[in-house]
Amino acid sequence: MKEIGVALPDGSNRSLEEGATVLDLARAIGAGLARNAIAGKVNGAAVDLATVLHDGDHVEIITEKSAEALDIIRHSTSHLMAQAVKSLFPEAKVTIGPSIENGFYYDFDVETPFSPDDLEKIEAKMRELAKAGLPVTREVLTKDAAIQLFKDMGEGYKVELIEDLDAATVSLYRQGGFIDLCRGPHLPSTSFCKAFKLTSIAGAYWRGDESRKMLQRIYGTAFVDKKALDEYLARLEEARRRDHRKIGKELDLFSFADEVGAGLVIWHPKGAMLRTILEDFERRQHLKRDYDIVLGPQILKKELWQRSGHYENYRENMYFTEVDGQSYGIKPMNCLSHMMIYKSQLRSYRDLPLRYFELGTVHRHERAGVLHGLLRVRGFTQDDAHILCTPEQLDAEIKGVLSFVSDVMAIFGFDYEMEISTRPDKSIGTDEDWERATKALQAALEDSGRPFEVNEGDGAFYGPKIDIKLRDALDRRWQCATIQCDFTLPERFDLTYIAADGERKRPVMVHRVILGAIERFIGVLIEHYAGNFPLWLSPVQGVLLTVTDNQVPYARKVYAQLREAGIRVQHDFRNEKLGFKIREEEQQKVPYMFVIGDKEVETETVTPRYRDGNNLPAMSVAELVNFLEQEVKSFK
């Protein structure tokens, strides 16, 4: 029998008989490795254990401890779920079922929407199929043969997917009587699906197109073992407890109304105060870093959006209206007005850099299916700024923004990760400008000393960007801050400055946000703090509570003094038991309760009680104000 040689990750080589598979290699290395093997990597590509090896291949065995394991386990479990659904609901049509960051989903076309009881039945069937240990095998068919196969099965969605593929052959995976279109790789048998849970049901349009049929999407998650699954489910339950939509309603911060429109936030008094605190904080932070506050109109002529490239590349996300026969675009971004401010007069290199900051309200047409509380809305306010500088100043300006982000995230207690997103397929500008911009961002990141990833093809249509993803108290990632480097729009709008040599030259524009959308950031903050905002950020910092009606006259004086001192205080002078009133305020997550009884009236003091139940010594109003001011300073 002819032999082949393959290379292993440690640099060694292994001889095998011709026709040997990845699993054969694992067995040759050791019985333990063979038992734990779930897939392989051949020349850098993930493959099934049954893949035949060739002479000179570089091979790695994937086990449950490998970085690639979770994706394979979850994708295989999505197929297991689809098999269970088809077994229980034969009339269901299968569509797609990928693995995602925290699990997997599969979309089905069914006449009657799935119920929570159905999820339990499907999950039980999945366990039955997993216990059966059905072998999972890969088959390769010609495109025409695969189309005919799925037509005969009545699976029209699969037929559409295959028809759209630019390939002569396609791969299918079979387990028991179930067969599905997939690139793979997959687990060698259903018995490897050991720890999974179906989590929710949602609607989803076929291929994300609102004009297509609404499907039923079942979400689930899967892990290597039950311990990891239980830990994740505990985090999921904590995330539900912290859901900003739930807490926002409980704390009376904001609401949505069908009569108003989807994705449009109505801010209630306490929510509006929270926004105001954040926006005032933003203005102070920008002013001390030498930004100028500007303000642009909500609508701009369509021709301007055509000139910028937004009309061609971003039109589906915009709203348009007509005034006096002229078409206008409601702004989805603030950059155009900022460029018009720059163009309003002749600029010299001595004027640069110019940093324009705007808390700009924008509107974007987000699909109904992706709207999600404050985290995905159609109308929102960005802490938007545009820096116009010389090419020589670009590095320092990018680093200045990175430093700004670091300072602000520390105030809120967030750690974060960074990545560079490069040129997408749909974009404007020259290759040279994109390369200059990407190199500028990368150089600044490398000098910062922080690690970063490269996200290929996910930049803005006018330039590459640094995306900053903060990590909250549950270790979830949230996209907030971004830094975009743009050589293209200054060219399109003919922005110039007089250089030291007297020549007109082109500035560079840096688009950047620090918190991002105020709405989204507040949603993240609510979940990060579980509604227990630090004192400086709390819309209500304290509530005055009286024990009986006898203390109300004194309490009114204290209330007025606290309000005069700038403390955001409310009062509850109802003739209710003190314990009842305290429990209500604890549910409202107010940082402090200021209790006034007969003793406090006699001594002209107030007794603060923290929301966790700890009482502080009685103090005068002046001492209380100083105490609160010092706590605010300690956070900021």
Side-chain angles (χ1 to χ4, degrees), residues 234 237-255 267-274 277 373-374 413 472-474 522-523 525-563 565 567-621 623-625 627-628 631-632 635:
E237 184 57 37
E238 178 63 15
R240 289 194 186 100
R241 190 180 72 82
R242 291 171 178 250
D243 191 314
H244 74 281
R245 295 166 297 180
K246 171 179 173 288
I247 293 176
K249 184 176 181 179
E250 293 170 351
L251 302 188
D252 195 25
L253 299 177
F254 61 87
S255 63
W267 292 97
H268 297 202
K270 288 197 289 185
M273 176 57 72
L274 177 57
I277 295 164
L374 297 179
D472 70 5
L474 298 183
I522 288 176
L525 283 179
I526 291 171
E527 299 197 4
H528 178 62
Y529 293 125
N532 295 298
F533 299 112
L535 185 66
W536 77 272
L537 198 53
S538 295
V540 178
Q541 295 175 313
V543 178
L544 276 169
L545 305 178
T546 50
V547 178
T548 68
D549 289 343
N550 295 336
Q551 298 92 43
V552 172
Y554 171 68
R556 291 193 185 282
K557 293 179 182 178
V558 173
Y559 176 77
Q561 289 175 296
L562 291 174
R563 297 287 287 192
I567 306 300
R568 296 187 293 276
V569 63
Q570 293 182 346
H571 61 72
D572 186 350
F573 298 159
R574 292 177 298 167
N575 188 18
E576 297 280 0
K577 290 183 178 180
L578 180 62
F580 174 79
K581 293 196 278 190
I582 287 174
R583 284 192 297 274
E584 277 198 338
E585 299 308 329
E586 286 176 342
Q587 290 173 355
Q588 287 296 300
K589 304 180 186 293
V590 177
Y592 285 100
M593 284 149 273
F594 309 131
V595 179
I596 297 179
D598 288 338
K599 182 179 178 182
E600 284 78 14
V601 174
E602 182 182 344
T603 58
E604 294 190 340
T605 59
V606 175
T607 299
R609 174 191 174 93
Y610 196 58
R611 60 184 156 205
D612 66 3
N614 289 324
N615 287 314
L616 296 169
M619 56 186 74
S620 69
V621 174
E623 289 172 331
L624 176 61
V625 169
F627 171 78
L628 296 175
E631 183 173 333
V632 166
F635 276 96

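Just so you know, these numbers use all the heavy atoms, side chains as well, and skip hydrogens, waters and symmetry mates.
No donor-acceptor pair under 3.5 Å is formed between the side chain of K589 and the backbone N or O of R611.
Considering every non-hydrogen atom in both D572 and E584, the closest pair reads OD2-OE1, 4.4 Å. The nearest pair of heavy atoms linking E600 to V606 is CG-CA, 4.1 Å. Listed here is the closest heavy atom pair of W536 and Q541: CA-NE2, 4.3 Å. The two residues F533 and S538 have their closest heavy-atom pair at O-OG, 3.1 Å. Considering all non-hydrogen atoms of both residues, I526 and L374 come closest at CD1-CD1, 4.4 Å. Of all non-hydrogen atoms in Q588 and K270, the two that sit nearest each other are OE1-NZ, 2.7 Å.
With a 4.5 Å cut-off on side-chain heavy atoms, L578 and V595 count as touching. Taking the side chain as every heavy atom from C-beta outward, I277 and R568 approach each other to under 4.5 Å. A heavy-atom distance below 4.5 Å is found between the side chains of W267 and I522.
To the nearest 0.5 angstrom, I596 atom CD1 is 8.5 Å from L545 atom CG. Separating the CE atom in M593 from the OH atom in Y610 is a distance of 10.0 Å, to the nearest 0.5 Å. With rounding to the nearest 0.5 Å, the separation of CG in L537 from CE in M273 is 11.5 Å. Atoms CZ and CG, from R242 and N532 in turn, are 8.5 Å apart once rounded to the nearest 0.5 Å. Distance check, rounded to the nearest 0.5 Å: CZ of R245 to CG of L253 gives 14.5 Å. Note that the CD atom of Q570 and the CZ atom of F594 stand 11.5 Å from one another [nearest 0.5 Å].
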For this session: Please step through side-chain contact (heavy atoms from CB on, under 4.5 Å) for the pair F573 and L544, ending with a clear verdict.
Result: CA-CA 8 Å; F573 298 159; L544 276 169; 4.3 Å; yes
Exercise. Passes side-chain contact (heavy atoms from CB on, under 4.5 Å), V547 versus D598? Steps please.
Worked result: CA-CA 8 Å; V547 178; D598 288 338; over 6 Å; no
For this session: Decide salt bridge (Lys or Arg N to Asp or Glu O under 4.0 Å) for K246 and E250; before the verdict, give the C-alpha distance in whole Å, the side-chain angles of both, and the deciding distance to 0.1 Å.
Result: CA-CA 6 Å; K246 171 179 173 288; E250 293 170 351; 3.1 Å; yes
Problem set entry | Trace of the side-chain contact (heavy atoms from CB on, under 4.5 Å) decision for I567 with Y592 | CA-CA 11 Å; I567 306 300; Y592 285 100; over 6 Å; no
For this session: Just do the salt bridge (Lys or Arg N to Asp or Glu O under 4.0 Å) check on E585 and R609 with the steps written out, would you?
Result: CA-CA 11 Å; E585 299 308 329; R609 174 191 174 93; over 6 Å; no
For this session: Kindly indicate, with the supporting measurements, whether the criterion side-chain contact (heavy atoms from CB on, under 4.5 Å) is fulfilled by T546 and K581.
Result: CA-CA 9 Å; T546 50; K581 293 196 278 190; 3.5 Å; yes
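Taking 4.0 Å as the cut-off between side-chain N and carboxylate O, R583 and E586 do not count as a salt-bridged pair. Under a 4.0 Å N-O distance rule, the pair K599/E602 does not qualify as a salt bridge.
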N/O donor to acceptor pairs below 3.5 angstrom from side-chain atoms of residues 553-562, sequence neighbours left out:
| unit_1 | atom_1 | unit_2 | atom_2 | d |
| --- | --- | --- | --- | --- |
| Y554 | OH | E604 | O | 3.4 |
| Y554 | OH | T605 | N | 3.0 |
| Y554 | OH | T605 | O | 3.1 |

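Applying the salt bridge (Lys or Arg N to Asp or Glu O under 4.0 Å) test to pairs two or more places apart or on separate chains, those with a residue in residues 525-537 are R476-E527.
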